[in-house]
Amino acid sequence: MMKQTIHEVNELPEQTFIGLFQDIYEHSSWIVKKVAPLRPFSSLQEFHHRTIRVIDEASNQRKLDLLQAHPNLGAKIAMTTHSINEQTGAGLTSLTAEEYEHFTNANKTYMNRFGFPFIVAVRGKTKSTIYQSLIDRLQNDKKTEFTTALAEVYKIAYFRLVDKIKTEERVTMTNQSNRQMYYGKGDVFAYRTYLKPLKGVKVIPESEFSGRNNIVFGVNVKVAIGGSQFLSSFIEGDNSLVVATDSMKNFIQRHLGSYDGSTIEGFLKYVAEAFLDKYPQMETVQLTGDEVPFEATNGMVGNTLTESKLVYKRSRNEYAQAGIKIERTVQGQQITEQYSKLKDLQLIKVEGNSFVGFVRDEYTTLPEDSNRPLFVYLNIGWTYTQPEDAIGDTPLSYVAAEQVKDIACSVFNETETPSIQNLIYLIGIRVLERFPQLKDVTFESQNHTWDAVVEDIPNSDGKVYTEPKPPFGFQVFTVTQEDVKIAVTSALEESN
C-alpha cells in the first residue's frame, strides 16, 4: 500500500479515512470514527495522540472490550492482516508443537487471571523474548496489567500508523549526522537498601574483592532520550509526545524498586529497555549512572570490633560510573554503546618514580628527577567484547570497579615508573590479562605531584610538600587486547 502524507490524510473523505485507519486498533473502528472529525492533524504523532485521548476518555468497559478484541499470541485463529503480519515477523505463526503448547497454556493462565488476552507490541521481538515477557507479566496485579496492556495497544497502533503514513521530510532531517536532538534529566538520585548481592565474580591475585553485599546501593542517573518524533516539540512547540523530565525522574527511581539485578550496568540496561517498552516515540535512550558509594563502619559486638551491617558512611573517594545507549531497530532493542569506568582514583607513590630524558630546550624549567613522589588522578574506563557481559547476570564475566582499582594500586606499587604514560600502559595490560573478556581499557590521567617546600629534614627521610601550581599535565591512552598479545610475545622473546 502506498503511504500517504499527513496532508493527504487530512484531505481524505471521512468514510475513506475511517476505512483506511479503522484497523490500527484491533476490531475497534469506533476509535478512528471519533477522531475523524478532529482533523486536520499536524503530524502522525498528533493523530496517534488523539486516538489515545479517545481511549483514555472511554469507560473501563470500553477499554476492556478493546483489550478483549485482540487475539492470543501464537493462537491458530482468524486475525486481522496486521496481526498476521506482526505475529509472522516474530515467528509466532511457525511455533513448534512444544512452543505452541507452552504459549497456549500460558495464554490460558493469563486470560483466567486478567480477563483479556496477553498483548504485546511484537515488532522487533522474538518468540522467546515474547514468551518471557508473558511469564513475567503474569506476576503483575490486575490494575498494573490493565494499564500495561493498554500501553502495548497504543504501541501497536503507532507502528501500524507508521506503516500507513509517510514520515515528513522535516522529520527525517534528524537522521543527518550534523543534527543533535535529545532531552532528558540529570542528577536523578536513587538509593535502595538490600539490593540483590553481587556474588561469584572472578577472583584475581591483586584483589581481595569477591562481591558486594549491596545493603546500601546508591546511584546518580542522567538520562537523555531521542527520536525523530520529538522534532515538532522543538520547532512547533507541540508537546503531545513529550514525556516530562519529571516523569523520567520518577520512572527511574521507581524502577530501582523492581530491578532484580546487582550492578549499576544492569540497572541502566533495565531502565533503558523499560523506557523503550513504555514510550514508542522514543528511538534512543542513553543513560549514565554514577555510583554514590557508601562504606561500612565498625561497631562493638560484645567485646569484639566487627564490621557493621547497619551503619554506613558516605564515601568521598573514587566511584564507579557506567553508561549505556540502547536504540530501537527493526531487529528490536539493541545496545549500541556501553562502558564501565572508575572515576577520580587519586594515588600517591612517595618514591620509586622517575622522569628523565625528556626534551630540554629554551622553554624547559622542569628539572630531571630520578626518584620523585608521583601523585596521579586516574579515570579508568573499560568496554567488553560482548556488551551483555557488563550487565552482571553472569558474575564470572563481570569486571568490578573495585578490582580495577586494586590492579592499578598493585601495578603502581610494584613498578619503577619512568613516566605516567608507561604506568597507565602497564595497568591496562594487567587489567586485560586478568579479564580477557574486555575489549579495551582507556585512561584519562593527570599529574598532580606536589611541589617540594622542605627537601632536607634532619634525621628523617621525609620532605614537606605543598599543592602544585594550577597547570597540570594530562594523558589519554587506550590499551587493547592487541597490545596484550604484543606484550606477551615480547616477554617470551626476552626470556629466550
Side-chain angles (χ1 to χ4, degrees), residues 124 126 128-129 132 198-207 209-212 259 261-273 276 284-291 320-343 345 378-408 410-411 424-445 475-492:
T126 65
S128 60
T129 59
Q132 187 58 52
L198 174 64
K199 299 178 179 179
V201 299
K202 176 183 177 181
V203 177
I204 59 174
E206 293 87 354
S207 179
F209 180 83
S210 60
R212 303 186 192 111
Y259 173 55
S262 56
T263 67
I264 291 177
E265 291 90 344
F267 176 60
L268 297 184
K269 178 175 182 285
Y270 174 69
V271 173
E273 291 177 337
L276 291 176
T284 65
V285 178
Q286 190 161 2
L287 290 161
T288 303
D290 289 345
E291 175 194 19
Q321 182 186 81
I324 196 168
K325 184 176 183 180
I326 297 184
E327 299 186 20
R328 193 192 306 279
T329 71
V330 292
Q331 289 80 31
Q333 298 175 10
Q334 293 188 340
I335 299 175
T336 55
E337 296 178 19
Q338 193 285 323
Y339 72 87
S340 300
K341 185 175 284 189
L342 177 65
K343 296 270 290 186
L345 176 62
L378 295 174
N379 293 333
I380 309 173
W382 54 98
T383 62
Y384 294 75
T385 302
Q386 301 296 329
E388 291 290 340
D389 286 340
I391 307 309
D393 292 341
T394 306
L396 272 175
S397 299
Y398 179 72
V399 179
E402 292 91 336
Q403 293 174 306
V404 174
K405 176 198 69 174
D406 289 341
I407 288 176
S410 180
V411 172
I424 59 180
Y425 167 77
L426 294 175
I427 295 172
I429 292 293
R430 184 73 60 83
V431 171
L432 293 176
E433 286 176 338
R434 295 293 184 237
F435 302 110
Q437 68 269 36
L438 295 184
K439 178 182 178 183
D440 53 44
V441 182
T442 296
F443 293 83
E444 302 163 348
S445 57
Q475 302 79 25
V476 175
F477 189 67
T478 297
V479 186
T480 69
Q481 287 290 352
E482 187 63 29
D483 293 319
V484 175
K485 294 177 183 177
I486 294 171
V488 171
T489 301
S490 298
L492 289 174

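Shortest non-hydrogen contact noted between Q333 and L276 is NE2-CB, 3.3 Å. Across every non-hydrogen atom of P387 and I335, the tightest pair is CB-CG2, 4.1 Å. For the residue pair A408 and I380, the shortest heavy atom distance occurs at CB-CD1, 4.1 Å. Across every non-hydrogen atom of S262 and L198, the tightest pair is OG-CD1, 3.7 Å.
With sequence neighbours left out, the salt bridge (charged side-chain N to carboxylate O under 4.0 Å, His left out) criterion links K325 to E327. Listed by chain and residue number, F267, Y270 satisfy the ring-ring contact (aromatic ring centres under 6.0 Å, His included) test with Y259 (two or more places apart in sequence, or in another chain).
T442 has its side chain out of reach of Y339: every pair of non-hydrogen atoms, C-beta onward, lies at least 4.5 Å apart. Side-chain contact between S207 and K405: absent, with no pair of heavy atoms (C-beta onward) separated by less than 4.5 Å. Residues R212 and V201 form no side-chain contact, since every pair of their non-hydrogen atoms from C-beta on lies 4.5 Å or further apart. Considering only heavy atoms from C-beta on, I424 comes within 4.5 Å of Q475 through its side chain. In this structure the side chain of L378 never reaches within 4.5 angstrom of the side chain of L342, judged on heavy atoms.
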For this session: Verify side-chain contact (heavy atoms from CB on, under 4.5 Å) between D389 and F435, making sure each step is shown before the conclusion.
Result: CA-CA 11 Å; D389 286 340; F435 302 110; over 6 Å; no

Problem set entry | Derivation of the side-chain contact (heavy atoms from CB on, under 4.5 Å) call for F443 and I427 | CA-CA 9 Å; F443 293 83; I427 295 172; 3.7 Å; yes

Exercise. Is there a side-chain contact (heavy atoms from CB on, under 4.5 Å) between F209 and I204 once you walk through the steps?
Worked result: CA-CA 8 Å; F209 180 83; I204 59 174; over 6 Å; no

Problem set entry | Step-by-step side-chain contact (heavy atoms from CB on, under 4.5 Å) determination, K269 to E388 | CA-CA 9 Å; K269 178 175 182 285; E388 291 290 340; 3.4 Å; yes

Exercise. Under the salt bridge (charged side-chain N to carboxylate O under 4.0 Å, His left out) criterion, do K341 and E444 qualify, and how do the steps go?
Worked result: CA-CA 11 Å; K341 185 175 284 189; E444 302 163 348; 3.7 Å; yes

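Atoms CD1 and CG, on I429 and D483 in that order, are 5.0 Å from each other to the nearest 0.5 Å. Atoms CD and OG1, from Q334 and T284 in turn, are 13.5 Å apart once rounded to the nearest 0.5 Å. L287 contributes atom CG, which lies 12.0 Å from atom CD of E337 (distance to the nearest 0.5 angstrom). Here the straight-line distance linking atom CG of L438 with atom OG1 of T383 works out to 7.0 Å at 0.5 Å rounding. Atom CD1 of I324 is separated from atom CD1 of I264 by 12.5 Å, given to the nearest 0.5 angstrom. T480 contributes atom OG1, which lies 9.0 Å from atom NZ of K485 (distance to the nearest 0.5 angstrom).
In terms of modelled atom types and a separation under 3.5 Å, the side chain of K343 and the main chain of E291 share no donor-acceptor contact.
Atom CD of Q386 has 12 or fewer neighbouring heavy atoms from other residues, nucleotides or ligands inside a 6.0 Å radius.
The closest side-chain donor-acceptor pair between S340 and E265 falls under 3.5 angstrom.
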